[in-house]
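Structure, as C-alpha cells:
Every chain is numbered from 1, with letters handed out A, B, ... down the list of sequences. Note that the coordinates shown come from a computational prediction; the quantities given were computed from them, not determined experimentally.
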Amino acid sequence: MIPHVLVIDDEAVFARNVCIYLERGGMRVEIANTGEAGLDLVGKHQPQVVVLDYNLPGMDGLEALARIRALAPRARVIAMTGSGENELAARFRAGGAADCLSKPFALGSLRERVESLLQ
Amino acid sequence: MNTHVIYGSVKGAKLAQPANAADRSGTGGDVRAGVAGVPRVSAGAFNLGRRFALVSVVVIFAVGIATSAVLSRFLATEMLQRDAEVTAQFLRQSSIQKHAESYFLRNGEQAQLDREVESYSAAIMGMADLMRAHIYSYSGRILWSSDARAIQHTFARNPDLERAVAGETVAHIEEPEHLDLSKPEHRFANLSGQQFAEYYIPVRDAAGGRVIGVVELYKKPDSLFASIRAGQQLIWLCTLGGGLLIYGVLFWLVRSGDRVIRDQQRRIASSERYAAIGEVTAAVAHNIRNPLATIRSSAELMSGESRDATLAMSRDIVDQVDRLEGWIRGLLDHARAGSGAADSIDANELLRRSVDGMREEVSRRRVAVRWSLQAMQPRVRVDAATLESVVKAITVSALAQMPDGGTLTVATRGIWQGRSGSRIEISISDTGAGLSAESSYTSPNVPPSSKPHGMGVGLPIMARTLKRMGGAIGVHSMPGCGTSVTLTLPGVEEVTAP
C-alpha cells in the first residue's frame with residue numbers, strides 16, 4: 001500500500017518541494033495551503049501522516065492538530081515550526097503530535113521521520 | 001465563539017490570551033482594551049524627592065510657626081492668669097478683706113472708712129513687684145489710687161473693668177510699644193517704656209458671692225516675665241528641633257522610597273525592552289527561517305530534477321532571496337519611519353492612497369472595498385510615512401485573510417475629548433476567517449505564489465510605533481466573523497472640534 005502523506009503549509013513552494021521529495025521516496029502526497037483545506041482533505045482521505053506547519057492563515061497549527069486528531073485519530077502528525085521554540089514543540093507534543101521539526105531542515109530528515117512513523 | 005483581542009502577535013511569537021484563558025496566560029482580566037504599547041518610564045516627569053523637599057519644608061515651617069505661636073501665647077496667658085489668681089487669693093485673705101468690705105459698701109463713718117482703706121491699700125502696696133494700684137467701687141469710680149490724681153475719677157468704657165465687675169479675674173501683659181492709651185487710666189500712669197502686667201481682681205463680699213469692687217494692679221513681675229520668656233524660647237527651640245528632625249527623617253524615607261520606585265521603574269522598562277526584543281527576535285527568526293526552508297529544500301531537490309525543473313527551482317531560490325531582502329528592507333524602513341517629524345495629515349486621503357496602491361491585490365482576491373470616512377476630513381498629527389507603513393501592513397494582512405473574496409471596510413471617526421483635545425479612529429476590517437486565541441496576526445512578505453507583500457513583524461512593533469506617535473492600536477477578532485484593527489491617533493484640534 002502506498003503511504004499517504006498530507007502536507008499542510010501556506011508556503012506553497014516549500015510545500016511543493018516537500019511533496020516532490022516524498023514522492024521520490026514512493027509516497028503519495030497531497031498539499032493544502034490552509035488549515036481549513038487541510039482538514040477537508042484529512043476528513044476525506046484519512047492520510048497516514050500529516051506534515052503540519054504552525055503558522056497558517058486563519059487557524060494555527062495547534063488548533064489544526066486538535067481537529068486533525070478528532071477527524072483522523074490514527075493519523076500521525078509531524079509539526080513544523082519556524083521559530084524553533086522548545087515551548088512550541090512541547091505544546092505540539094502535548095497536543096498529540098508525534099514529532100516536531102524546526103525549519104529549515106533537511107528533507108531527508110523529514111523523510112526519515114515519516115518513514116519511521118509509517119512503520 | 002469568544003471575541004479575542006490580540007495584543008501583540010508576531011508570526012511565531014507568543015500571544016496574549018483571550019479572556020477565557022486568562023488563567024493560562026496569567027494575564028487575567030478584560031483584554032478588550034487593546035494594545036497600548038510598552039509603558040514608557042519617564043524619570044524626569046515627577047521627581048518625588050524634590051517635590052517632597054519643597055512642599056514639606058513649607059508645611060513643616062508653617063505648622064511649626066503656628067504651633068509655637070499658639071503655645072507661646074497660651075503659656076504667657078496661663079502663667080499670668082495664675083499669678084493674678086495668686087494675687088486675688090492674697091487679697092481675699094480675711095485679714096485683708098475685712099478692712100475693705102465696709103469701705104466698698106460705704107456703710108461706716110468717714111474716719112473709719114479712711115482707716116480701713118489705709119489698711120487695705122497698705123496691704124496692696126506691700127505686694128512684690130507692684131507699680132501702681134487702683135481701687136474701684138462697684139460703679140467704676142476710683143475710690144483709691146497710688147496716684148492721687150486718679151482718685152474719684154470714673155473712666156468710661158473699660159472692658160476689662162466691666163469683666164472684673166462681672167466677677168472675672170482679668171490679666172494681661174502690656175507691651176510698651178503696644179500700650180493701650182485708649183484706657184484713660186493709662187494716661188495717669190507713666191508707663192511708657194516698660195513691660196508690665198495689668199490685673200483686674202474682683203473683690204467680693206464676706207459671703208463670697210457679690211462683687212463689691214475691683215482692684216486694678218500694675219505689676220512688673222520680672223521673674224515671671226523671665227520664666228515666660230524662657231518657656232517661649234524653649235517652645236520655639238523644640239519646634240525648630242522637632243521640625244528639623246521630622247523633616248530629616250521624612251526626607252530620608254521619601255528619598256529612599258523614591259530611589260526604590262525609580263529602580264523598579266528602570267527594571268520594568270528593562271524587562272519590557274527585553275520582552276519586546278524577544279518578540280521581535282522571534283518574528284525575525286520566523287520570517288527568515290521560512291524562506292530559508294524553501295531555499296534549502298529547492299537546493300536539495302535540484303540535483304535530481306530535469307533541466308527545466310532545476311531552472312524553476314533556481315528561480316524559486318532567487319525569489320526567496322528577494323523575498324528575504326524585501327522583508328528586511330521593510331523592517332529597516334519601518335524602524336526608520338518612526339523618526340520622522342509629525343505633521344498634520346488628512347487621514348481620509350492617506351487611507352484612500354494606501355488602499356488604492358493595492359488595487360491589483362484587491363482585485364485579484366475579488367475583495368470589495370467599503371468606505372465609511374468621516375466627512376469632516378479628520379486630520380491627524382503623525383509622521384505620514386510611518387502611518388502609511390502601518391496602514392499598508394494592516395491592509396495587507398486583512399487581504400491575506402480573504403483569499404477567496406470578502407469585504408474590506410475602511411472607516412474614520414473623530415472623537416472630541418474637550419480639554420484633552422481630539423482623537424481620530426481609523427479602523428480597517430475584513431470578513432476573513434478571523435483569528436483564534438492562538439493565531440498570529442501578521443503581515444509577512446509574500447513569495448510570488450501565495451502571500452501578499454508586507455512588513456512581517458506584526459503588531460508589537462506597530463503598537464510601539466503608534467505609541468511613539470501618541471496613538472494606540474487595538475485588534476478585535478471573532479473566529480468566522482473577521483478581524484477589525486483600530487488605530488487611535490492624536491487629532492488636530494482646529495478641524496475636529498465640535
Side chain to side chain, N17(A) and M313(B), heavy atoms closer than 4.5 Å
yes
Rounded to the nearest 0.5 Å, what's the gap from CG on D10(A) to CG on N290(B)? Could you check?
7.0 Å
Inspect the contact between E11(A) and R323(B) and indicate whether a charged nitrogen and a carboxylate oxygen are less than 4.0 angstrom apart.
yes
Do S298(B) and V13(A) have side chains that approach each other closer than 4.5 Å (heavy atoms only, starting at C-beta)?
yes
Compare every heavy atom of S297(B) with every heavy atom of F14(A), then report the nearest pair and how far apart it is.
CD1-OG, 3.6 Å
Inter- and intrachain pairs under salt bridge (charged side-chain N to carboxylate O under 4.0 Å, His left out), touching residues 306-318 of chain B, at least two apart
R16(A)-D316(B)
Can you check side chain to side chain contact (heavy atoms under 4.5 Å, CB included) on L292(B) and K103(A), steps first, answer last?
CA-CA 8 Å; L292(B) 286 178; K103(A) 293 177 175 178; over 6 Å; no
Could you go through residues 105-119 of chain A and list every donor-acceptor pair under 3.5 Å that involves a side-chain atom there, pairing it with any protein atom two or more places apart or in another chain?
unit_1	atom_1	unit_2	atom_2	d
R113(A)	NH1	D99(A)	OD1	2.9
R113(A)	NH1	D99(A)	OD2	3.2

Heavy-atom side-chain proximity of Y21(A) to L301(B) below 4.5 angstrom:
yes
Quick check: are there more than 12 heavy atoms from other residues, nucleotides or ligands sitting under 6.0 Å from CZ of R93(A)?
yes
